[in-house]
Structure formats: structure tokens, C-alpha cells
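The structure under discussion appears below in the form of C-alpha cells.
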Amino acid sequence: MNEFNGLDSDKLHSLYRRLLLLRRFEERVYTNFLQGEIPGTVHQYNGQEAVAVGICDHLRPIDWITSTHRPHGHALAKGISARRVMAELYGKVTGCCNGKGGSMHVGDPSVGMLPAIAIVGGGNSVVIGLGLAYKLRRTDQVAVCFFGEGATNEGAFHESMNFAAVQRLPVVFVCENNLYGASTPYHQVSLVSDVAARACAYGVASQIVDGMDVLAVHKAGGGEAIALARAGRGPILLECKTYRYIGHSRSDARGYRTKDEEAEWKQKDPIPRLGNALIAAGLSDEATLARIAQSVEAELDDAVEFARASPDAAPEQALEDVYA
Amino acid sequence: MPETMQTVSLGATALPNVAERRLTIAEALREAIAEEMQRDPDVFLIGEDIGIPGGFGGAFGVYLGLPEKFGHERIIDTPISEKAIAGAAIGAALMGMRPIADMQYADFLFECMDELVNQAAKMRYMSGGKLKVPMVMRAPVGTTNRGAQHDQCPESFFMHVPGLKVVCVSDAYTAKGILKSAVRDDNPVLIFEHKLLYGSKGRQSAGGLDLTAHVPPEEYLLPLDKAVVKREGNDVTIVATHLSLYRALAAAEVLAQEGISCEVIDPISLLPLDTETLWSSVRKTGRLAIVHEDTLTGGWGAEVAARAADECLFSLQAPIKRIATYDVPLPFAPILEQAVVPTVERIIMTIRTMCE
Ligand SMILES: Cc1ncc(C[n+]2csc(CCOP(=O)(O)OP(=O)(O)O)c2C)c(N)n1
């Protein structure tokens, strides 16, 4: 049972289901985007699911997160329904931002997720304000900031880490280090190979985590980072080593990395990894996992149907929501 | 219909006796950069994702092939650090280099406002004219269904800053000549380009426009501070940049059939503004409309309108009209987006009321 952090079978199956939901959601988006049903562009999360699922499992709706230009996985893991996320990508009025946000800005206050911030580093500074509010109001809330390793070269990352540290804010900085910022390899733009090492400069505790292992993320996130932040012990940086399976955005042919490298990372895929471990431990079987997969497909069939059938916003609604 | 009517050509005046050589804006910009880097070893390129082997060659492919020609020392791939990009460009320019800095999307200029506004624009003045900052910053603008943080047209923010030059290029011929002049200019020059006008890919979203123009093979420079009359007319002057320029030209075509003759002007330079060309047109037509994709309030049209009211009010036969994006952040849903940006229809309707 140890290899499962003491988590029971229900919890483990629910983590498995969420990983699969995030993955299959992105696969639907991929095809439907290519078929011209989804406007704009999309930055997808395939490969990084363990991070969002492992962290968000510990968060309540009142523990808010910030997200990035790659937010679909964070949104689903935080509890926005597949229907509402999908409808948003379709630009429909039933979407989680009423069609005004789109792929790069999905979010929903009711689950504790700001509209995703598509400016790299943008979430890093806003999140400290969430933490500050929790501290000033003496609540036990925690704010979590998801960001890529690319963001750690922005001034916002550094100013915010320092501020969060001196203010002892209940903030967990979750860096998803997927090795590339758009086409730029991280090692080419930083001589410090681990983002976690940068935390020392600000007196912030940090930890490196296998971001392809949902249980490792779950443990580091819940048992340690989030619990400590909740207890008022100040900010923590988790660096989750992960990989995005596909291009930066839909127009990226990925000529800057090799097929071998991609194949190597796919060996560590978080989904079969958890599934196989559950079967090996006698906690699950093929039939159970297949049933989960079926229910995920049904949920996504429904989400796509909902998005397609939903009405467009009325043009004059474009003028609403500018001021409170 | 006046005889001045002409068909809309995307390029500037085609040169006689020269074989047509049609390039996209992206190709023209690439050629301009290559020529300037070839000519002057002090010219270098700096930005995110511009020269990674197998990478994008800049967010819109403008730099593809350049690293092979000029090497990675003069084509500098940076971290995602806009402040560093701007600061490095400014500092190097102060030391006599001629950097071309890339800002992927104009929205990210806000990351380096301090560098551009407080440093680049003021160094010359603060030094009593002893220093200069000969840098170029390229920034793509325009609504392309990316939502509120990737679709803005922030030119007007910079028009408010003495010491900067702000230019908008809208076709391949202009883009090449202006970029080359900007590199040789001794001031910080911001060049704004529209994302849908780069090349053939934007064709559909730009209303099926052929987005290539004739670019002569021999070297040429265009003045940074000269507006261009794109279409002559007698009843109303329309000043517009970027995609709005083409929408204005399309509107002019429709209005011509109703007997309304529009003169369409591409100001190219917003700071300084070529009021001479603008006002001489307004004095002829007696009406002024300004079209831009930036939001209405405080957009650059407000400045043009105020100056026109000040300098040629008595030539005006109708109130000055601004046709701009409504005052909202850009919405994502295509229906909402198209409801707020200035469309051909909105231009036509506004001009009709002006000419009633
Ligand atoms: C301030 C800013 N600069 C540049 C960009 C363009 N951009 C969008 S995503 C991206 C790469 C981000 O890399 P990383 O932070 O590692 O996140 P990942 O895409 O790997 O999830 C870049 C350069 C942006 N959105 N915002």
C-alpha cells in the first residue's frame, strides 16, 4: 500500500479517471480544432496531466489557482466541467467565461480558478495577491500558481518569489518544467538547470518532483507543500519535471526536438503507469479501467455535443462585463 | 464617379518597366533585415524563438533562414524576458549598435514599458542631445481570435511618448522600405505590423485579400514620416492603418458605386504625424474619418481628430468621425469579436451619414 501513499482504491481510481479525462479531452480538442469547429489557436496539455491532477486533488474551491496559456488541464482538474470548458473553446455563451475568454483564458470563480493568464509570468505576480488576502484575513486558504519553466526568466517570477517569501504567503508555486518554452530549450536560456535551485536565492523552500507520476506529485503537493503553506510556513516551489507530447500550439511542427526524445518521455506516461501499478497491486483490473475509459468517453461525447448545440452569444453582449 | 477612381492595389505605386516581383510582408521584412545586416555589421537581431534550429523563426516566420546566413551571434535567442530584450537593445544602441528587437506580440510590450518609455525615449533628451538610441522594435498587432491578451493594438500608448517614433506598415513594399529606414534612423523606432497581413496564410481572415505586393529588387528606402494616399477621392478623407486600411479601401469601393468618392490615406507614421498630407486632403474633401482597430477612447484617432479640429476646422463640412473598436477588451468568440472591431459595413454606414 506504501507505493500508493496510503491512498485508498476509490481515490486512486478517481485520480486515474481524471488523468484520462484530461488526456482524452485534449485529443477531442485536437481533432475538432483541425476540423475547424474551434476558432483561434490551442495550447494543449497532453503529457502533463499528472501535475494538475496531483496538485488540484488537495484544493478546495476556496483555494484558488492561477493558470497559463496552456490551461485546459488545470481547468478540468480544478473541477470546471468538461462541458463548460469545451463550450468556452467553441466560443459559446455557455462556456465557463461566456465565450469571452477562449482557450487561453478558461477559468471559473465557482471552482477557484482565475481566468487563465496568457501573459507568461502574469500569474506569478497576481498569485501573491491571493496569498496576501488569505494571510490578512487569517483564513486557511492556499493559492497555487501553475507556470512553465519559461516563465522563470521573467522579472515577475523573481519579484514574486521574493515578495511571497518575505511576506510568508500561503502560496505554492508549481513549475511545470517541460523543457521547452515554445521552441526554445530551457538549457539554452538558463545556466541553472533546475528551476528549484532558483528558490534558494529568495529563501523559499523547494522540491523537485517526477511530474510524470501522479502519486509523486500528489504526495509532494498535498502532504508537504500545500499543508505547510496552509500552516503559515510560507511559500514553496515545486518543480515538476514533465513533457508536453505535442507542439507548443497548433501550428508547431516540433522541428527543434527529436522523435527519440518524445518517445522516451512517452515511456513514462502517467496514465498506464498508474493503471498498471493498480493492476499489479491487485487493486484494479483491465475491465475496471476499461469501464472508466468508457465513462470518460461518454462524458466527452456529452461535452462536445453540448458545445456544438450551445447558442452563440448575442453580438451586443460583447459590450457587457467591462465594468462591475 | 470621379475619374480619380482606381482599382485597389495593395502595393504602393508599381514602378514602370520592372518585372513584377511579388512578396508577402513577412518576406519583405526578412529581405530588409538581411540587407541591413549585410550592409552594417552593427545591425543585430534579438528576441524570443527567433533563431532556434527547427523552431518558428519568430512567431510569424519572418526570420526563417536568417540564422543560416548570419549566425547565432548576431541573431540572439533570448529567454522569455521582455525587459531584458528591450534593455539589451537600448543599451547596445547607446553604445552605437543598431539592434532590431522582436516582441512576438505587441501585447507583450507592456512587459517592457519602463525600458521603452522611461529609458529609450528619454536618453537623448536627458543627455542634452549627447546620446542617441538607434534601435528598432518590431511588434505585431491585430485581432486574430486569440482573446484579450493577444489581440491588442497598443500603438496609441506609444504615440504619447516624445522621443519615440511610431510607424505602422501595411504592405510589403512599405514594410521593406520603412524597416530599412528605421534601422538607419538614430531614434528608437517602434514598427507595428498586423498579424493578418503577413502573408498568404492570413488571406482568408483578411477577407480574401491577396497579401502580396510588388517589391522591386533594387534597394530603396522610404521616409519614416510620410503618409501615402492609397486612393484618391473628393468627398471624404479616410485615414486608416493595417487591416483597417484595407477595410477602408473596400468600403470606398462600395461607396463609389453610390457616388461617394473617398480619399484613403495610410498615415504610416503616427509619431511624428504627417499632417501636411492629411490636411491637404481634408481641405480638398471637407470630411475626415479615421479608422483603427485600437479601442476608441484615447486611440490614435482621437489625436488626429483633435489636431484636425485645431488646424483645419473651417475646411470641415461634417463632424469628424472615428470608427474604432468599441471600448472593451477583445472578446474571444468570433461573433463577439467581429461585433466590436471596425468592419467594412460599419465604415460604409458611418461615411454615408457623414455625406448625407
Ligand atoms: C510576456 C510574454 N512573452 C511571450 C509570450 C509568448 N509565449 C507564449 S507561451 C511561451 C512559452 C512559454 O513557455 P513556458 O513558460 O515554459 O510554458 P509552456 O508553454 O512550456 O507550458 C511564449 C514565449 C507570452 N505569452 N507572454
Side-chain angles (χ1 to χ4, degrees), chain A residues 39-41 69 88-93 95 97-106 115-122 148-157 180-186 188-190 248-249 251-258 312-322, chain B residues 47-61 64 72 76-85 87 104-105 107-112 114-115 143-152 201 204-205 295 325-341 343:
Chain A
T41 189
H69 56 284
E88 187 60 32
L89 304 196
Y90 274 69
K92 298 299 182 72
V93 70
C97 304
N98 303 97
K100 284 184 174 155
S103 165
M104 283 198 276
H105 305 298
V106 291
I117 299 175
I119 300 297
V120 172
E149 81 294 338
T152 68
N153 289 318
E154 290 279 13
F157 169 79
Y180 298 90
S183 66
T184 305
Y186 184 61
Q188 190 175 322
V189 287
S190 169
H248 168 64
S249 64
S251 53
D252 174 5
R254 324 203 288 280
Y256 48 86
R257 64 189 203 192
T258 63
D312 286 315
E316 56 274 18
Q317 287 181 289
L319 306 182
E320 297 168 2
D321 300 330
V322 180
Chain B
E48 296 161 18
D49 293 297
I50 62 175
I52 305 288
F56 308 138
F60 299 92
L64 287 171
H72 290 279
I76 303 169
D77 274 294
T78 70
I80 310 177
S81 310
E82 289 76 14
K83 289 174 84 66
I85 294 168
Q104 285 200 348
Y105 282 67
D107 312 66
F108 312 154
L109 284 169
F110 297 116
E111 295 277 354
C112 54
D114 183 64
E115 283 70 20
T143 313
T144 60
N145 225 281
R146 298 287 186 278
Q149 296 180 335
H150 279 69
D151 273 352
Q152 298 166 88
K201 269 209 220 151
Q204 228 170 6
S205 3
T295 46
T325 294
Y326 296 125
D327 286 340
V328 301
L330 270 306
F332 166 74
I335 285 192
L336 301 182
E337 182 193 82
Q338 288 312 305
V340 301
V341 299
T343 54

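These values consider heavy atoms only, across backbone and side chains, with no hydrogens, waters or symmetry-generated copies. In what follows, every chain begins at residue 1, and chains take the letters A, B, ... in the order their sequences are listed.
The backbone N or O of Cys97(A) lies less than 3.5 Å from a partner atom in the side chain of Glu88(A), making a donor-acceptor pair. Panel note: side chain Lys100(A), backbone Glu320(A); a donor-acceptor pair is recorded below 3.5 Å. Although no hydrogens or angles enter the test, the distance criterion places no donor-acceptor pair under 3.5 Å between the side chain of Glu82(B) and the main chain of Phe108(B).
Ranking Val120(A), Thr41(A), Thr152(A) against chain B, the residue ahead of the rest is Thr41(A), based on heavy-atom pairs under 4.5 Å. Among Pro331(B), Ala59(B), Ser81(B), the residue making the largest number of heavy-atom pairs under 4.5 Å with chain A is Ser81(B). With chain A as the partner, the residue from Val328(B), Asp77(B), Thr78(B), Asp107(B) showing the most heavy-atom pairs under 4.5 Å is Val328(B). Contact count versus chain A (heavy atoms, under 4.5 Å) is highest, among Ile335(B), Thr144(B), Leu336(B), for Leu336(B). Of the listed residues (Ala182(A), Pro185(A), Ala313(A)), the one with the most heavy-atom contacts under 4.5 Å to chain B is Ala182(A). Each of Gly122(A), Ala314(A), Gly99(A) has some count of heavy-atom pairs under 4.5 Å with chain B, and the biggest count is that of Gly99(A). Among Glu337(B), Arg146(B), Glu48(B), the residue with the largest count of heavy-atom pairs under 4.5 Å with chain A is Arg146(B).
With a threshold of 4.5 angstrom between heavy atoms, Gln338(B) does not approach chain A through any atom at all. Heavy-atom distances place no part of Asp321(A) under 4.5 Å from chain B, backbone and side chain included. With a threshold of 4.5 angstrom between heavy atoms, Pro334(B) approaches chain A through side-chain atoms but not through N, CA, C or O. For chain B, no part of Glu316(A) is nearby; none of its heavy atoms comes within less than 4.5 Å.
In this structure, the ring of His248(A) has its center less than 6.0 angstrom from the ring center of His69(A). A ring-centre distance under 6.0 Å is not found for Phe332(B) and Tyr90(A).
Taking the six-membered ring where the residue is Trp, Tyr256(A) and Phe56(B) present perpendicular rings, their angle passing 60° and hence far from 30°.
One side chain, Thr184(A) or Asp49(B), offers a donor N or O that lies under 3.5 Å from an acceptor on the other.
Going from atom CD of Gln317(A) over to atom CG of Asp312(A) covers 10.0 Å, rounded to the nearest 0.5 Å.
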